[in-house]
Amino acid sequence: MFLQREKELQELEKSYNSATSSLKFVYGPKNVGKTTLSQQYIKDKESIYFANHEMIPSQFFTNMANTISEYFHNVKTVGIPFKSFENILEFLDKQKIDKKLVLVFDDFQNVLKVDKHSLENLLKFWKKKLKNKNLQIIIVSSLLFSDKDSEIESCASVLKLGYLDFISIKEFFPEMNRLDQLYVYSLLGTTPTNLKFYNSKIEFTENIFNLFLSANSYLFDYGIRVLKSEISDIGTYSSILHAISKENTKIGDIASFLDVKSTYLTRYLQKLIDMMIIKKVVPIGEDKKSSKFGRYEILDNALKFWFSYIYPNLTALQQNDVKDVSKQIQDEFISKTVFLSYKKCIKEFIHKSQENIFGYTPNEIGSWWDNQNNNIDLLAFDRKIVTFVQILWEEKDMAKISYGKLKSTSEKFETSLEKKYIIVSKDTFFNMK
């Protein structure tokens, strides 16, 4: 199913239609739809698609060379050694390309596992030779190459795919009511690969058992699979994600939960960011690198659920003992996870309708908090007005009593701009489109 990627397709088309060659990096978490996007994009173009499944080097690059030779016909690869990505780039450089050709290297992080110099050689060959070859090269990866950011930006453009918005859930389950859609979203997010296993004809709790709690279920080992795709020693990473899933979102809180020093966690957190498993968020107006108020969030709802409820109960679940974890989910899931997902959905809706909601186009919009536990769900401002938004689950009439609290909290945010206030009730959620 191809959903909500029209802007991304347009961006790729724009670079394709330019008079010059182009190098594009497409980043996104696993199962977010990168492969579907790239295949949709190239279906009406001259193209070569490399799947890049993991295998030993002697086969990896020979298979890649054979894919190239099949496209160009009569190009001989027999007897030519292909032991590195550099060999592939040299072979590609020898080919005559009349009509613009799109090369898609999917799962490029797997190329790096086989040849650690592959990205370095790609950038070098692009600058010296391949940019003159009438090509559009698309590098697709579920791993950010943060150590090469400056080099990549000097010769390529970057497209980042995030998870689909909540509203896309209705495309999967058009007959489901809005509240049930929220429950599914809280459990599985909007990853098509996971959503296709949800059975809308049975109860939500039965779906949880079938998807997560049964030792034979599709998502029983989900967290392990996600981490092991890039990491061999997953112990510390798993513990960090468990800590974050239990609402320890500050580095100090994570360190306390795990009984380690904060400095010990830095490289592990960065790796999880590079894998696009977590993100670091800071209050509006703060610099992401220097802010002391950073919080870490797990991006994939299914992964957050797994590390919150499955990971700490694996031993019991492997023995088919689901009683305790089922009670824990019943006690916590709705009050914590579903409410947080609801807030996220409202924020998505406001982001898409900024001018209509605020009466102006904000220069900046985001959440705000300080170290005194003062929080504002959403804050937006232009050069004249700042608007404070409180998101509540209560009905509209009950929500009016929160106005005073929002106004009081807003005093903690230093500004000389004219202040306005918005209280959002659940009526907005059930009516949003």
Side-chain angles (χ1 to χ4, degrees), residues 23-43 45-97 101-130 133 135-145 147-148 151-152 156 161 193 221-222 224-234 271 274-276:
L23 176 61
K24 195 86 172 179
F25 283 74
V26 178
Y27 294 124
K30 283 191 174 297
N31 301 321
V32 81
K34 303 182 298 299
T35 297
T36 302
L37 173 68
S38 59
Q39 291 180 345
Q40 175 78 11
Y41 172 66
I42 64 175
K43 67 180 184 179
K45 296 177 176 63
E46 292 292 323
S47 61
I48 305 177
Y49 174 83
F50 302 94
N52 295 323
H53 301 300
E54 294 185 60
M55 59 182 69
I56 62 174
S58 59
Q59 288 186 321
F60 193 100
F61 295 112
T62 298
N63 286 353
M64 195 177 285
N66 289 339
T67 302
I68 296 172
S69 65
E70 286 173 9
Y71 175 82
F72 286 104
H73 309 296
N74 301 320
V75 176
K76 303 298 182 182
T77 59
V78 178
I80 303 175
F82 294 97
K83 298 181 178 179
S84 69
F85 193 59
E86 185 175 16
N87 295 152
I88 295 298
L89 296 172
E90 290 169 343
F91 183 56
L92 182 63
D93 183 50
K94 293 176 182 178
Q95 311 311 316
K96 183 181 179 182
I97 304 172
L101 175 65
V102 182
L103 299 180
V104 177
F105 293 92
D106 204 352
D107 290 318
F108 193 79
Q109 71 277 358
N110 290 336
V111 183
L112 276 169
K113 290 179 183 178
V114 181
D115 177 3
K116 65 181 181 180
H117 300 296
S118 55
L119 180 56
E120 177 185 332
N121 285 323
L122 170 66
L123 298 176
K124 180 181 70 176
F125 263 78
W126 176 260
K127 291 176 182 178
K128 290 184 177 180
K129 297 181 178 182
L130 295 180
K133 292 287 292 185
L135 288 170
Q136 182 185 41
I137 297 181
I138 301 174
I139 304 298
V140 181
S141 175
S142 57
L143 182 69
L144 294 172
F145 309 128
D147 59 329
K148 296 287 185 182
E151 294 178 56
I152 290 171
L161 266 64
T193 307
D221 63 345
Y222 186 52
I224 295 171
R225 279 190 278 129
V226 169
L227 289 179
K228 280 196 171 179
S229 65
E230 298 298 334
I231 301 166
S232 56
D233 180 12
I234 67 172
K271 179 66 175 181
D274 287 346
M275 291 175 67
M276 289 166 279

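A pairwise comparison of heavy atoms in Lys228 and Ile234 identifies CG-CG2, 3.9 Å as the closest pair. Here the closest non-hydrogen pair linking Asp115 and Ser84 is OD2-CB, 3.6 Å. Nearest heavy atom pair, residue Lys133 against residue Asp93, reads NZ-O, 2.9 Å. Taking every heavy atom of both residues into account, Met275 and Ile231 meet most closely at SD-CD1, 3.4 Å. Nearest heavy-atom pair, Ser142 versus Glu230, reported as atom, atom and distance to 0.1 Å: OG-OE2, 4.1 Å. Minimum interatomic distance between Leu135 and Leu130 (heavy atoms only, all atoms of both residues): CD1-O, 4.0 Å.
Residues passing the side chain to side chain contact (heavy atoms under 4.5 Å, CB included) test with Lys124 are Glu86, Asn121, Lys128, sequence neighbours excluded. When the ring-ring contact (aromatic ring centres under 6.0 Å, His included) test is applied to Phe25, no partner is found at least two apart in sequence or on another chain. By the ring-ring contact (aromatic ring centres under 6.0 Å, His included) test, Phe60 pairs with no residue at all, sequence neighbours left out. Listed by chain and residue number, Lys30 satisfy the side chain to side chain contact (heavy atoms under 4.5 Å, CB included) test with Ser229 (two or more places apart in sequence, or in another chain). Applying the ring-ring contact (aromatic ring centres under 6.0 Å, His included) test to Phe125 and every residue at least two apart in sequence or in another chain returns nothing.
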Practice task
Output, in order, the C-alpha distance, side-chain angles, deciding distance and verdict of side-chain contact (heavy atoms from CB on, under 4.5 Å) for Phe91 and Ile68.
Solution key: CA-CA 9 Å; Phe91 183 56; Ile68 296 172; 3.7 Å; yes
Practice task
Check step by step if side chain to side chain donor-acceptor pair (under 3.5 Å) holds for Gln95 and Tyr71.
Solution key: CA-CA 11 Å; Gln95 311 311 316; Tyr71 175 82; over 6 Å; no
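A 4.5 Å side-chain heavy-atom check between Val140 and Asp107 finds every atom pair outside the cut-off. You'll find the side chain of Leu143 reaches within 4.5 Å of the side chain of Lys271, heavy atoms only. At a threshold of 4.5 Å between non-hydrogen side-chain atoms, the residues Leu23 and Leu123 count as touching. Side-chain contact between Asn52 and Met64 is present, with heavy atoms from C-beta onward closer than 4.5 Å. Between Lys24 and Ile137 the shortest side-chain heavy-atom distance does not fall below 4.5 Å. You'll find the side chain of Leu103 stays beyond 4.5 Å of the side chain of Ile138, heavy atoms only. Side-chain contact between Asn87 and Phe61: absent, with no pair of heavy atoms (C-beta onward) separated by less than 4.5 Å.
Note that CZ of Phe82 is 11.5 Å distant from CG of Asn63, once rounded to the nearest 0.5 Å. In this structure, Lys94 NZ and Lys129 NZ are separated by 9.0 Å, a value rounded to the nearest 0.5 Å. Between atom OG of residue Ser232 and atom CG of residue Leu227 there is a gap of 11.0 Å, rounded to the nearest 0.5 Å. One finds the CG atom of Asn31 at 8.5 Å from the CZ atom of Arg225 (value rounded to the nearest 0.5 Å). Within the model, atoms CG of Leu122 and CH2 of Trp126 stand 8.5 Å from one another, a figure rounded to the nearest 0.5 Å. For the atom pair OG of Ser38 and CD1 of Ile139, the computed distance is 11.5 Å after rounding to the nearest 0.5 Å.
In this structure, the side chain of Lys34 engages the main chain of Pro29 through a donor-acceptor pair within 3.5 Å. The backbone N or O of Tyr41 sits less than 3.5 Å from a side-chain atom of Lys45, completing a donor-acceptor pair. The backbone N or O of Leu119 sits nowhere less than 3.5 Å from a side-chain atom of Lys148 that would complete a donor-acceptor pair.
The ring-ring contact (aromatic ring centres under 6.0 Å, His included) pairs that include a residue from residues 102-121 are Phe50-Phe105, Phe85-Phe105, Phe85-Phe108, where partners are two or more places apart or lie in different chains.
Side-chain contact, Asp106 with Thr35: a donor N or O sits under 3.5 Å from an acceptor N or O.
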